[in-house]
Novice: 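For reference, the structure I am asking about is given below.
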Amino acid sequence: MSPSGDTSPTGAETHDALSGRQWMLRGARAAISIPAFILTAAFVGYAGLARETGLTLGETLAMTGLVWALPSVVVLTGAISSGMGLIPAGIAVALASVRLMPMTMALMPIIKVPGKTKNWQMLLASHFVAVTAWVYAMKHLPELPREARLPFFVGFGSAVSSFVFCMTGIAYLLVERMPDMVAGALVLLTPVYFLCSLWGAARLNADKAAMIAGLVLGPVFFLYLPGLDLLWTGLLGGTIAYLATRVMRRGLS
Amino acid sequence: MGDLVAETWWWPYVMILVAGWLATDIWRWLGVFAGGRLREDGELLIWVRCVATALVAGVISKLILFPQGVLAETPLWLRLAATAFGFAVFFASRQRVFVGVLAAEAFLISGWLLLDALG
């Protein structure tokens, strides 16, 4: 409808008077960023894995777009390639995706305008919740005016996911077999990026304590309670971190 | 019978829709409903954020300690050292994520090349 981007009049507008669409465009522009680059690299790495596993291009893209959370995508790839049934595969993926619930919960009060934001808008926006966008949102959304946060997040999320979607397809078609070292380096990108940006997004001591607890407990539960490991890591690590820092903040009240 | 179903072209898409899309997005939707009532400054939200953060941190250490694919062939100490180096550089560069990530990658690749040359 309107010419997009920078041609809109800017002079008379105050910061708050930007429309939802303009905030969405700003979000999309903000998506040209390090996190998007790193996520793209991770999905390019995944495209190689999908092709080696024998998934078609259509299946790979459908998974990228519909699931939109790399760990869950990897689990589902394994399930399909090993001929797992629908129900066991669904359970495996659901277990790998539980983390999305507390992540979405934590994001809601930041994004929501009480009494104004509709539930369907939140449900749509929630599809973009995945670690990369979540970390970015937790760090940057609180700096924006409240009305701007939802459109900005949707613009950011849809821009990142469409870009990653296209690049995954291109990578699938072009990269027959990646050199080992490149593939390995792509795999390491994601955890290191998560590590640095999660620390950067931590606002309270509680967040930092939770991060350390999760780093330590994650592998322990993975070895002793595989399947449910992330759930226990989150619940136990998060609760310990919360209680410990609460005692530090307010004493034993 | 089961094999016949598994070989049709559309079966993987059913898997992706039900076992992929539904099994993933359901948690996001539950998060919307459960998070809608949280207050931005409440104690409950601090706890929820702790749980989410610890979960994501668990994903991080799993990816480093038990990686998939070719990265699993590198020695554990190299992956840990590369990550630690990246995190240290991240701090030294006044928390610039890009610099930290680049440093970790440089460390990993030089270590890998060195091991290849020696081995």
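Only a predicted model underlies this, so the values are computations on that prediction, with no experimental measurement involved. Numbers restart at 1 for each chain; the letters A, B, ... are given by sequence-line order, proteins then strands.
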Novice: Would you mind checking which part of A:I34 comes under 4.5 Å of any heavy atom in chain B, side chain (CB onward), backbone (N, CA, C, O), both or neither?
Specialist: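 Contact with chain B is through the side chain of A:I34 alone.
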Novice: Return all side-chain donor-acceptor pairs below 3.5 angstrom for residues 102-119 of chain B, not counting sequence neighbours, or 'none' if the list is empty.
Specialist:
| from | atom 1 | to | atom 2 | distance (Å) |
| --- | --- | --- | --- | --- |
| B:E105 | OE2 | A:L189 | N | 3.1 |
| B:S110 | OG | B:A106 | O | 2.4 |

Novice: Could you tell me which non-hydrogen atom of B:C50 sits nearest to which non-hydrogen atom of A:G238, and how far apart they are?
Specialist: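 Looking at all heavy atoms of both residues, the closest pair is CB-O, 3.4 Å.
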Novice: Among the options B:I26, B:T83, B:V97, pick out the one with the most heavy-atom pairs lying under 4.5 Å from chain A.
Specialist: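 Highest number of pairs under 4.5 Å: B:V97.
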Novice: What parts of residues 38-46 of chain A touch chain B if we use heavy atoms and a cut-off under 4.5 Å?
Specialist: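 A:I38, listed by number.
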Novice: In terms of heavy-atom proximity below 4.5 Å to chain B, should A:L235 be classed as side chain, backbone, both, or neither?
Specialist: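 Backbone plus side chain of A:L235, per the 4.5 Å heavy-atom cut-off to chain B.
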Novice: Select, from B:A34, B:G31, B:G42, B:A72, the one with the greatest count of heavy-atom pairs under 4.5 Å involving chain A.
Specialist: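 Highest number of heavy-atom pairs under 4.5 Å: B:G31.
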Novice: Run A:Y242 and B:V51 through side chain to side chain contact (heavy atoms under 4.5 Å, CB included) and show every step you take.
Specialist: CA-CA 9 Å; A:Y242 169 73; B:V51 172; over 6 Å; no
Novice: Before giving the answer on side chain to side chain contact (heavy atoms under 4.5 Å, CB included), spell out for A:L204 and B:R49 the whole-Å C-alpha distance, their side-chain angles and the decisive distance to 0.1 Å.
Specialist: CA-CA 10 Å; A:L204 306 171; B:R49 223 173 48 218; 3.3 Å; yes
Novice: If every non-hydrogen atom of A:L76 is compared with every non-hydrogen atom of B:G20, which pair is closest and at what distance?
Specialist: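 Closest approach of A:L76 to B:G20: CD2-CA, 3.6 Å.
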Novice: Where do B:R28 and A:T104 come nearest, in terms of heavy atoms and distance?
Specialist: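 Heavy atoms of B:R28 and A:T104 come nearest at O-CG2, 3.4 Å.
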Novice: Please, which pairs that meet side-chain hydrogen bond (donor to acceptor under 3.5 Å, both in side chains) have at least one residue in residues 54-63 of chain B, sequence neighbours excluded?
Specialist: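 Sorted pair list: A:D229-B:K62.
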Novice: Top residue by heavy-atom pair count (under 4.5 Å) with chain A, among B:L45, B:L22, B:L17?
Specialist: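 Winner by heavy-atom pair count: B:L45.
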Novice: Do you know the tightest heavy-atom contact between A:T233 and B:G58?
Specialist: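 Closest heavy-atom pair between A:T233 and B:G58: CG2-CA, 4.1 Å.
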Novice: Would you check if the side chain of B:Y13 reaches a backbone N or O of A:E59 as a donor-acceptor pair within less than 3.5 Å?
Specialist: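 Pair found, side chain donor or acceptor close to backbone of A:E59.
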Novice: What orientation do B:F66 and A:F222 show, parallel under 30°, tilted 30 to 60°, or perpendicular over 60°?
Specialist: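 Plane angle between 30° and 60°, so tilted.
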Novice: If you take all heavy atoms of A:A210 and B:T53, which pair is closest and at what distance?
Specialist: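 Smallest interatomic distance, heavy atoms only, reads CB-CB, 4.1 Å.
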Novice: Which one of A:V187, A:L236, A:L231 has the most heavy-atom pairs closer than 4.5 Å to chain B?
Specialist: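 The residue among A:V187, A:L236, A:L231 with the greatest pair count is A:V187.
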Novice: If you count heavy-atom pairs within less than 4.5 Å of chain B, which of A:A241, A:A206, A:P219 leads?
Specialist: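 Most heavy-atom pairs under 4.5 Å with chain B: A:P219.
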Novice: Can you tell me how far apart CG (A:L107) and CG (B:L38) are? Round to the nearest 0.5 Å.
Specialist: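 A:L107 CG to B:L38 CG: 11.5 Å, rounded to 0.5 Å.
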Novice: Name the region of A:A213, side chain, backbone, both or neither, that has any atom closer than 4.5 Å to a heavy atom of chain B.
Specialist: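 Neither part, no heavy atoms under 4.5 Å.
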Novice: Going by atom type alone, with no hydrogens or angles, which donor-acceptor pairs under 3.5 Å involve a side-chain atom of residues 130-142 of chain A and a protein atom two or more places apart or on another chain?
Specialist:
| from | atom 1 | to | atom 2 | distance (Å) |
| --- | --- | --- | --- | --- |
| A:W134 | NE1 | A:M103 | O | 2.8 |

Novice: Could you pull out the closest heavy-atom pair between B:W27 and A:A94, with the gap in Å?
Specialist: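 Scanning both residues completely, I find the closest heavy atoms to be NE1-O, 3.0 Å.
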Novice: Considering only heavy atoms and a distance below 4.5 Å, find which of A:A185, A:G237, A:A209, A:G218 pairs most often with chain B.
Specialist: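 Greatest number of close heavy-atom pairs with chain B: A:A185.
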Novice: Look at A:V192, A:L215, A:V216, A:V93 and state which one has the largest set of heavy-atom pairs under 4.5 Å with chain B.
Specialist: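 Most heavy-atom pairs under 4.5 Å with chain B: A:L215.
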Novice: Where on B:L65 is there a heavy atom nearer than 4.5 Å to chain A: the side chain, the backbone, both, or neither?
Specialist: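 Interface part for B:L65: side chain.
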Novice: With a 4.5 angstrom heavy-atom cut-off, which part of A:L223 approaches chain B: side chain, backbone, both or neither?
Specialist: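 Contact with chain B: side chain only.
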Novice: What option among A:K112, A:R249, A:K208, A:M122 has the most heavy-atom pairs under 4.5 Å with chain B?
Specialist: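 Ranked by contacts with chain B, first place is A:R249.
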Novice: If you count heavy-atom pairs within less than 4.5 Å of chain A, which of B:V48, B:V14, B:L44 leads?
Specialist: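 Answer, by heavy-atom pair count under 4.5 Å with chain A: B:V48.
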Novice: So which of A:A106, A:P102, A:C196 has the largest heavy-atom pair count under 4.5 angstrom toward chain B?
Specialist: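 Most pairs with chain B among the choices: A:C196.
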Novice: Where does A:S72 contact chain B at under 4.5 Å (heavy atoms): side chain, backbone, both or neither?
Specialist: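 Only the side chain of A:S72 comes within 4.5 Å of chain B.
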Novice: Only one of A:L195, A:L188, A:L70, A:T190 passes side-chain contact (heavy atoms from CB on, under 4.5 Å) with B:L63; say which it is.
Specialist: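 Result: among A:L195, A:L188, A:L70, A:T190, A:T190 is the only option passing the side-chain contact (heavy atoms from CB on, under 4.5 Å) with B:L63.
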Novice: Pairing donors with acceptors under 3.5 angstrom, does anything connect the side chains of A:W68 and B:T24?
Specialist: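 No, no side-chain donor-acceptor contact under 3.5 Å.
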Novice: Which one of B:Q95, B:R79, B:M15, B:E43 has the most heavy-atom pairs closer than 4.5 Å to chain A?
Specialist: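 Counting heavy-atom pairs under 4.5 Å, the top option is B:E43.
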Novice: Measure A:T56 against the heavy atoms of chain B and call it side chain, backbone, both or neither at under 4.5 Å.
Specialist: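 Contact with chain B: side chain only.
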